[in-house]
Participant: 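One structure follows; several queries about it will come next.
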Amino acid sequence: MKWRSFYIWEVAEILSGRDIYDDERVSGFTPYIGSSAVNNGVTHFVSNDNDSKEAGCISVNRNGSVGYAFYHPYETLYSNDCRKLRPREADKYAAQFIAAQITEQRGKYNYGYKMGTGRLMRQKIQLPADDNGRPDYKLMSEYMKGIEYERYFTALQYFTRKLEGRA
């Protein structure tokens, strides 16, 4: 397997979120992504709507917990404290792989050195490459499916033991 550096813009379109301020937020069921390192970046659930609403994107925190990236398969709204990345070719598993690679870069960012659009455009991440030097989305996807399978299998074993009274 070959690895290669890719600019984030080569694998995803970089878009800004849109703030919904405290006094504008209406409680609801749509996840609103802020700059949190927990709960996949979800900071509120709202019934508001704006043009940032989309499913199948990666959020990258530019404020607060700078550099954390999460994949959102569900329809969500994105605040301006993060950037929304729309993967160019990746399925949900490859997008999760890309989000993990972005998060690996978080150490060089902090509150005073934000991960804004310009820096995201210049940010490189290491990804597996195919024989043509393009991102190997299939390999990324298969790798993440394997991790998911392992986690399901571990949970299944735990609950089976629990049901049998062996845990």
Side-chain angles (χ1 to χ4, degrees), residues 1-18 29-43 49-110 113-157:
M1 170 175 42
K2 293 181 266 179
W3 289 76
R4 193 181 135 222
S5 292
F6 292 92
Y7 288 105
I8 290 175
W9 62 262
E10 292 180 278
V11 295
E13 183 180 359
I14 302 169
L15 305 159
S16 292
R18 179 157 316 218
F29 298 103
T30 303
Y32 180 63
I33 308 303
S35 59
S36 176
V38 297
N39 300 324
N40 263 21
V42 177
T43 58
D49 202 8
N50 64 39
D51 60 358
S52 76
K53 192 180 219 179
E54 191 169 355
C57 293
I58 298 167
S59 64
V60 181
N61 294 349
R62 63 179 222 93
N63 281 326
S65 299
V66 180
Y68 282 87
F70 303 101
Y71 175 69
H72 306 280
Y74 41 83
E75 195 167 68
T76 188
L77 293 164
Y78 300 83
S79 77
N80 196 39
D81 283 335
C82 64
R83 290 296 172 255
K84 176 174 75 170
L85 306 184
R86 187 181 294 143
R88 297 193 187 279
E89 297 180 43
D91 66 5
K92 77 175 197 170
Y93 294 101
Q96 290 170 344
F97 189 99
I98 291 166
Q101 291 303 97
I102 293 169
T103 298
E104 284 296 312
Q105 299 291 321
R106 76 182 184 276
K108 65 183 184 184
Y109 297 96
N110 58 45
Y113 189 69
K114 296 179 183 181
M115 189 184 238
T117 304
R119 289 194 176 120
L120 269 174
M121 294 285 287
R122 293 185 303 273
Q123 179 65 54
K124 288 184 175 182
I125 55 174
Q126 292 290 311
L127 297 174
D130 63 19
D131 292 335
N132 297 319
R134 295 178 33 81
D136 193 337
Y137 294 108
K138 183 175 183 203
L139 183 95
M140 289 183 253
S141 184
E142 293 302 316
Y143 179 80
M144 294 306 284
K145 286 177 187 176
I147 289 176
E148 181 179 74
Y149 173 80
E150 287 174 13
R151 300 251 168 101
Y152 284 147
F153 187 71
T154 301
L156 181 62
Q157 287 178 319

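These numbers were taken from a predicted model, which means no experiment stands behind them.
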Participant: Examine distances only and state if a side-chain atom of Ser35 and a backbone atom of Asp81 form a donor-acceptor pair shorter than 3.5 Å.
Facilitator: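 Absent.
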
Participant: Walk me through it: do Phe97 and Leu139 pass the test side chain to side chain contact (heavy atoms under 4.5 Å, CB included)?
Facilitator: CA-CA 10 Å; Phe97 189 99; Leu139 183 95; over 6 Å; no

Participant: Begin from the C-alpha positions of Glu142 and Lys145 and carry the test salt bridge (charged side-chain N to carboxylate O under 4.0 Å, His left out) through to its verdict.
Facilitator: CA-CA 5 Å; Glu142 293 302 316; Lys145 286 177 187 176; 3.6 Å; yes

Participant: Given 3.5 Å as the limit, does a donor-acceptor pair link the side chain of Asp91 with the main chain of Tyr93, or not?
Facilitator: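 Indeed, once roles are kept as given, a pair shorter than 3.5 Å links the two residues.
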
Participant: Quick check for you: to the nearest 0.5 Å, what is the distance between Ile14 atom CD1 and Gln123 atom CD?
Facilitator: 9.5 Å

Participant: Is there a side-chain contact between Glu150 and Phe153 in this structure, where contact means two heavy atoms from C-beta onward sitting under 4.5 Å apart?
Facilitator: no

Participant: What is the minimum heavy-atom distance between Ala129 and Phe6, and which atoms define it?
Facilitator: CB-CZ, 4.2 Å

Participant: Quick one: does Thr103's side chain have a donor or acceptor within less than 3.5 Å of a partner on Ala69's backbone?
Facilitator: yes

Participant: How close do Ser59 and His72 get, heavy atom to heavy atom, and via which atoms?
Facilitator: OG-NE2, 2.8 Å

Participant: Which atoms form the tightest heavy-atom contact between Val66 and Tyr113, and what is the distance?
Facilitator: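 For Val66 versus Tyr113, the nearest heavy atoms are CG1-O, 4.2 Å.
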
Participant: Any donor and acceptor pair, going by atom type alone, linking the side chain of Thr43 with main-chain N or O of Ile33 inside 3.5 Å?
Facilitator: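 No, because the side chain of Thr43 does not come within donor-acceptor range (under 3.5 Å) of the backbone of Ile33.
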
Participant: What I'd like to find out is whether the side chain of Ser79 reaches to under 4.5 Å of the side chain of Arg18, using heavy atoms alone.
Facilitator: no

Participant: Under a 4.5 Å cut-off applied to non-hydrogen side-chain atoms, are Cys82 and Val60 in contact?
Facilitator: no

Participant: Can you tell me how far the CH2 atom of Trp3 sits from the CG atom of Leu127, to the nearest 0.5 Å?
Facilitator: 7.0 Å

Participant: What is the distance from atom CZ of Arg4 to atom CZ of Arg134, rounded to the nearest 0.5 Å?
Facilitator: 9.5 Å

Participant: Taking all non-hydrogen atoms of both residues, which atom of Ala12 and which atom of Leu85 are closest, and how far apart?
Facilitator: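 That would be CB-CB, 3.8 Å.
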
Participant: Atom NZ of residue position Lys138 - does it have more than 12 heavy atoms of other residues, nucleotides or ligands inside 6.0 Å?
Facilitator: no

Participant: Are any non-hydrogen side-chain atoms of Met144 and Tyr71 less than 4.5 angstrom apart?
Facilitator: no

Participant: Can you tell if the side chain of Arg62 reaches within under 4.5 Å of the side chain of Asn80, non-hydrogen atoms only?
Facilitator: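 Counting from C-beta outward, Arg62 and Asn80 do come under 4.5 Å.
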
Participant: Evaluate the ring planes of Trp9 and Tyr7, with Trp represented by its six-membered ring, and classify them as parallel (under 30°), tilted (30 to 60°) or perpendicular (over 60°).
Facilitator: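 If you compare the ring of Trp9 with that of Tyr7, the planes turn out parallel.
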
Participant: Among all residues two or more places apart in sequence or in another chain, which pass the ring pair (Phe, Tyr, Trp, His ring centres under 6.0 Å) test with Phe70?
Facilitator: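 With neighbours one apart ignored, the set is empty.
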
Participant: Could you walk me through whether Lys114 and Asn63 satisfy the side chain to side chain contact (heavy atoms under 4.5 Å, CB included) test, starting with their C-alpha distance in whole Å, then the side-chain angles of each, then the deciding distance to 0.1 Å, before giving a yes or no?
Facilitator: CA-CA 6 Å; Lys114 296 179 183 181; Asn63 281 326; 2.8 Å; yes

Participant: Give every residue pair that meets the salt bridge (Lys or Arg N to Asp or Glu O under 4.0 Å) criterion with at least one member in residues 119-133, sequence neighbours excluded.
Facilitator: Lys2-Asp131

Participant: For Ser16 and Arg83: C-alpha separation, side-chain torsions, deciding distance, then whether side chain to side chain contact (heavy atoms under 4.5 Å, CB included) applies.
Facilitator: CA-CA 5 Å; Ser16 292; Arg83 290 296 172 255; 3.6 Å; yes

Participant: At what distance, to the nearest 0.5 angstrom, does CD1 of Ile8 lie from CD1 of Ile102?
Facilitator: 4.0 Å

Participant: Can you name the closest pair of heavy atoms from Leu15 and Arg86 and give their distance?
Facilitator: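 Scanning both residues, the minimum pair turns out to be CD1-NH2, 3.3 Å.
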
Participant: Using every non-hydrogen atom in the two residues, find where Ser52 and Tyr78 come nearest and quote the distance to one decimal.
Facilitator: OG-N, 3.0 Å

Participant: A side-chain contact here means heavy atoms from C-beta on lying under 4.5 Å apart; do Met115 and Asn61 qualify?
Facilitator: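 Counting from C-beta outward, Met115 and Asn61 never come under 4.5 Å.
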
Participant: Is there a side-chain contact between Gln101 and Ile98 (heavy atoms, below 4.5 Å)?
Facilitator: no

Participant: Would you check if Lys53 and Leu77 make a side-chain contact, meaning some heavy-atom pair closer than 4.5 Å?
Facilitator: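 They are in side-chain contact.
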
